[in-house]
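What follows is a short report on a single structure.
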Amino acid sequence: MNILVTGGAGYIGSHTCVELLNAGHRVVVFDNFCNSFPEAVRRVETITGKSLALVEGDIRDRAAIEQALRQYQCEAVIHFAGLKAVGESVAKPLEYYDNNVVGTIRLLEAMQATGVKTIVFSSSATVYGMPQFLPYREDHPLSATNPYGRGKIMVEEILRDFHVAQPDSRIALLRYFNPVGAHESGLIGEDPQGVPNNLMPFVTQVAIGKRDRLNIWGGDYETPDGTGVRDYIHVTDLAIGHVKALEYLQKPQCFAVNLGSGQGHSVFDVVKAFEQTSGKNIPYKIEPRRPGDLPAYYADVTLAKSVLDWEATRSLKTMCADSWRWQMNNPNGFRA
Ligand code: NAD
Ligand code: UD1
């Protein structure tokens, strides 16, 4: 299949391009490089030994997307492009809604104009908000406490409305839990700009000596060891989930599904697993809770198993080992 991958130069997008090419699909990356580098796409080609098409453009530019969809005769879109920093979304809500919500509307218009009916959307576990029960099942009520999360809920609703109006459309809403890790080659991985917000890139930067210590945001949660619990999923497992979702979209439908491991791990679990696999000591200090953080959440993965015939197979240790290899081989990320 010919697939347009918006945001395909980014962290999850680049890993998904590898799995799409390995599965025999042809890939067109559409990215404006606001949070990535063309080098990531070149490395996808190195890993797979296959070439892909690269279009530099913004998803809010409807004509540019239409042109790419036509030129490469795309039959499906995987839509990763978006801004993803929760704190920044609170400071710059209009920028986030414009990029993530308006951008998706422009993309859907371009798909409609060119007759492309299949889209896989990057949603997030953040759409569930404060847990009313755990593990989160897909029918858990949706709520959000910040513009980033609200934007994800809005796009999910827009896509459901779009499906009602276009019943022959094929739409998957993939709710990711916490993606970590990197491709086993050590050639591509997460490349945060500035101080990382997320746990794993911060840990790897402490290990390599870029940061003195890890700040653990809260040691007094009602969790087994007092630190926050999350469902970490290896980015390669997540990428394979996209290939499975595309295969499942053979018939018209619109569905939401969790992509997680189904297991909760605390911050201390991650630190211990990282220390064991890297042989590095991670100094840390317990600091006050980070505003907006939830104590614990993880996925019910029953639906993904039964519907997509997919489940995460890579362990927390593999996630740590692969993150560490990527960090060691690329201390400055994709910058030379
Ligand atoms: P990323 O920042 O690494 O990748 C996003 C890519 O989209 C980047 O290459 C960026 O340059 C591009 N982009 C952004 N705005 C664009 C625009 N207007 N036009 C064209 N390209 C644009 O992020 P990621 O971690 O790979 O996340 C991909 C998607 O998954 C995002 O939608 C994100 O919200 C969602 N998601 C990520 C996580 C996570 O923890 N990483 C969790 C849940 C959901
Ligand atoms: C964050 C976002 C969430 C987004 C997800 C994936 C917030 C409030 N939430 O989730 O919307 O979908 O990233 O990108 O930003 N931690 C530390 N020290 C650190 C960093 C993190 O102790 O330096 C802890 C956190 O408190 C949390 C766990 O590690 O318990 C994971 O944090 P993080 O990687 O930032 O992901 P989330 O907070 O789950």
Side-chain angles (χ1 to χ4, degrees), residues 5-16 29-38 40-41 55-61 64-65 78-90 95-96 98-100 102-104 106-107 121-129 144-146 148-149 151-152 155 174-180 189-193 195-203 205-206 211 213-219 221 223 227-233 235 238-239 259-260 264-271 284-287 289-298:
V5 182
T6 75
Y11 172 46
I12 306 169
S14 58
H15 289 79
T16 301
V29 167
F30 188 96
D31 203 302
N32 67 358
F33 303 115
C34 68
N35 195 36
S36 58
F37 296 93
V41 178
V55 177
E56 180 166 359
D58 193 296
I59 52 165
R60 289 162 293 187
D61 181 349
I65 307 172
I78 304 187
H79 177 33
F80 294 104
L83 304 175
K84 63 165 181 178
V86 173
E88 189 183 56
S89 81
V90 175
E95 207 175 297
Y96 269 67
D98 184 47
N99 201 79
N100 297 359
V102 174
T104 303
R106 294 288 97 82
L107 171 64
F121 172 63
S122 301
S123 189
S124 166
T126 200
V127 299
Y128 294 121
T145 53
N146 56 69
Y148 169 76
K152 289 291 180 198
V155 171
L174 305 185
R175 294 178 179 158
Y176 312 156
F177 281 69
N178 286 51
V180 296
E190 190 170 7
D191 184 16
Q193 313 296 305
V195 182
N197 289 315
N198 295 120
L199 178 62
M200 188 65 89
F202 205 102
V203 168
Q205 291 198 3
V206 172
R211 321 236 163 241
R213 60 148 208 256
L214 171 68
N215 298 310
I216 296 185
W217 306 127
Y221 284 112
T223 56
T227 67
V229 167
R230 295 290 182 273
D231 182 332
Y232 297 95
I233 172 168
V235 66
L238 186 61
L259 295 185
H265 289 292
S266 72
V267 176
F268 279 138
D269 290 337
V270 173
V271 170
Y284 68 83
K285 184 157 180 268
I286 308 270
E287 294 283 357
R289 297 177 180 191
R290 182 170 66 178
D293 269 1
L294 295 170
Y297 62 80
Y298 40 94

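One-based numbering, in listed order, for ligands and for the atoms of each. In this text the structure is predicted, and so the values were computed from the model without any measurement.
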Sorted by chain and number, sequence neighbours left out, salt bridge (Lys or Arg N to Asp or Glu O under 4.0 Å) with Glu56 holds for none

My understanding is that we take every heavy atom of each candidate and find the minimum distance to atom 11 (O) of ligand 2. Doing that for Leu214, Ile12, Val86, Val206, which one comes out nearest? Val86

Decide whether Glu88 and Tyr96 meet the rule of one side-chain donor and one side-chain acceptor closer than 3.5 Å. yes

If the cut-off is 4.0 Å to any non-hydrogen atom of Ser124, which atoms of ligand 2 fall inside it? 12 (O)

In chain order, what residues pass the side chain to side chain donor-acceptor pair (under 3.5 Å) check against Asn197, with sequence neighbours excluded? none

Mind checking whether Leu199 contacts ligand 2 via backbone (N, CA, C, O), side chain (CB onward), both or neither, at a 4.0 Å heavy-atom cut-off? both

Would you check if the side chain of Lys152 reaches a backbone N or O of Ser122 as a donor-acceptor pair within less than 3.5 Å? yes

Could you list which atoms of ligand 2 come closer than 4.0 Å to a heavy atom of Asn197? 20 (C), 35 (O)

Is Asp269 reaching over with its side chain to a backbone N or O of Ser266, donor-acceptor style, under 3.5 angstrom? yes

At under 4.0 Å between heavy atoms, what of Asn198 touches ligand 2? The answer is both

Is the closest protein non-hydrogen atom to atom 2 (C) of ligand 2 under 4.0 Å? yes

Can you say whether the rings of Phe121 and His79 are parallel (under 30°), tilted (30 to 60°) or perpendicular (over 60°)? tilted

Can you check which of Phe268, Tyr232, Trp217 brings a heavy atom nearest to atom 23 (O) of ligand 2? Trp217

Would you kindly specify which portion of Lys84 sits under 4.0 Å from ligand 2, judged on non-hydrogen atoms: side chain, backbone, both or neither? neither

Hits for salt bridge (Lys or Arg N to Asp or Glu O under 4.0 Å) against Asp231, two or more places apart or cross-chain, chain-then-number order -> none

N/O separation below 3.5 Å, Tyr148 to ligand 2: no

Those protein residues which place at least one heavy atom below 4.0 Å from ligand 1: Gly7, Ala9, Gly10, Tyr11, Ile12, Asp31, Asn32, Phe33, Cys34, Asn35, Ser36, Gly57, Asp58, Ile59, Arg60, Phe80, Ala81, Gly82, Lys84, Asn99, Ser122, Ser123, Ser124, Tyr148, Lys152, Tyr176, Pro179

Expected output: side-chain Thr126 to main-chain Gly149 donor-acceptor under 3.5 Å: no

Classify the contact between Asn178 and ligand 2 as side chain, backbone, both or neither, using a heavy-atom distance cut-off of under 4.0 Å. side chain

contact_flag Tyr297 ligand 2 heavy-atom lt 4.0 Å: yes

